[in-house]
A.B. asks: 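This structure is in structure tokens; I'll ask about it shortly.
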Amino acid sequence: MPATNRPPVERCYKRIGLAIRWYRVNAGLSQRELAAAVRPTRYKRGLTRAHIANMERGEQRIWPHQVAIIAKALSLPPEVFFNQVWGVL
């Protein structure tokens, strides 16, 4: 399904994923390095390189807590990712 025909919610995930990729690349991190930076904690499961890759392509739904831990690993406020979807819904 072309991106323009996707439901608005799916376009949101795609935009957040593109933002994750942009900030990750600009931070000089590989997908594997970002995944390692968001290691599991006592209360939350970590992310793998495959999770990061799927999120960046918009093929995996992203939970708010995942956005928060990715933002923390990139030294960013989580709002930068949610600002990417403003106007999509």
Side-chain angles (χ1 to χ4, degrees):
M1 177 182 287
T4 55
N5 293 333
R6 287 182 165 184
V9 171
E10 289 185 27
R11 289 194 310 260
C12 289
Y13 291 116
K14 180 69 173 175
R15 283 197 181 182
I16 291 172
L18 289 172
I20 290 170
R21 183 179 195 288
W22 191 86
Y23 285 109
R24 175 186 60 76
V25 169
N26 283 324
L29 297 174
S30 68
Q31 291 174 338
R32 191 172 307 283
E33 290 168 329
L34 179 57
V38 292
R39 293 176 197 255
T41 65
R42 182 175 173 189
Y43 302 104
K44 294 182 179 94
R45 291 180 17 204
L47 299 173
T48 65
R49 188 218 47 87
H51 283 117
I52 301 293
N54 289 335
M55 288 176 180
E56 289 181 355
R57 288 192 308 267
E59 295 176 0
Q60 179 173 328
R61 295 198 174 209
I62 306 169
W63 294 92
H65 75 277
Q66 292 171 323
V67 172
I69 62 174
I70 290 170
K72 184 177 180 180
L74 295 171
S75 301
L76 297 167
E79 298 85 39
V80 300
F81 298 108
F82 294 113
N83 289 340
Q84 301 299 316
V85 299
W86 191 255
V88 172
L89 295 176

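Just so it is clear, the structure is predicted and the values come from calculations on it, not from any experiment. Nothing fancy with the numbering, it's 1 onward along the sequence.
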A.B. asks: Search all heavy atoms of P77 against all heavy atoms of A71 and return the closest pair with its distance.
C.D. replies: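 It is C-CB, 4.0 Å.
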
A.B. asks: Nearest 0.5 Å please: distance from the CG atom of N83 over to the CZ atom of R15.
C.D. replies: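 One gets 12.0 Å once the value is rounded to the nearest 0.5 Å.
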
A.B. asks: For the atom pair CE (M55) and OH (Y13), what is the distance rounded to the nearest 0.5 Å?
C.D. replies: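 Those atoms lie 10.5 Å apart.
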
A.B. asks: Quick one: side-chain hydrogen bond (donor to acceptor under 3.5 Å, both in side chains) partners of R49, sequence neighbours excluded?
C.D. replies: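 For R49, the residues satisfying side-chain hydrogen bond (donor to acceptor under 3.5 Å, both in side chains) (neighbours in sequence not counted) are Q31.
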
A.B. asks: Filter on salt bridge (charged side-chain N to carboxylate O under 4.0 Å, His left out), then keep only pairs touching residues 68-80, sequence neighbours left out; what's left?
C.D. replies: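 Salt bridge (charged side-chain N to carboxylate O under 4.0 Å, His left out) check on residues 68-80 returns no pairs.
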
A.B. asks: Which value, rounded to the nearest 0.5 Å, describes the distance between F81 atom CZ and C12 atom SG?
C.D. replies: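 Atom-to-atom, F81:CZ and C12:SG are 15.0 Å apart.
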
A.B. asks: Could you walk me through whether L34 and L74 pass the side chain to side chain contact (heavy atoms under 4.5 Å, CB included) check?
C.D. replies: CA-CA 8 Å; L34 179 57; L74 295 171; 4.1 Å; yes

A.B. asks: Does the side chain of R57 reach to within under 4.5 Å of the side chain of N54, using non-hydrogen atoms?
C.D. replies: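 A side-chain contact exists here, since the closest heavy-atom pair is under 4.5 Å.
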
A.B. asks: For residues 16-25, tabulate all N or O donor-acceptor pairs below 3.5 Å that involve a side-chain atom, not counting sequence neighbours.
C.D. replies:
from: R24; atom 1: NE; to: E56; atom 2: OE2; distance (Å): 2.6
from: R24; atom 1: NH1; to: L29; atom 2: O; distance (Å): 2.8
from: R24; atom 1: NH2; to: E56; atom 2: OE1; distance (Å): 3.1
from: R24; atom 1: NH2; to: E56; atom 2: OE2; distance (Å): 3.4

A.B. asks: Kindly indicate whether the side chain of L76, heavy atoms from C-beta on, has any atom under 4.5 Å from the side chain of I70.
C.D. replies: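 Not in contact.
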
A.B. asks: Report the residues that fulfil side-chain contact (heavy atoms from CB on, under 4.5 Å) with A35, sequence neighbours left out, ordered by chain and then residue number.
C.D. replies: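 Only I52 meet the side-chain contact (heavy atoms from CB on, under 4.5 Å) criterion with A35.
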
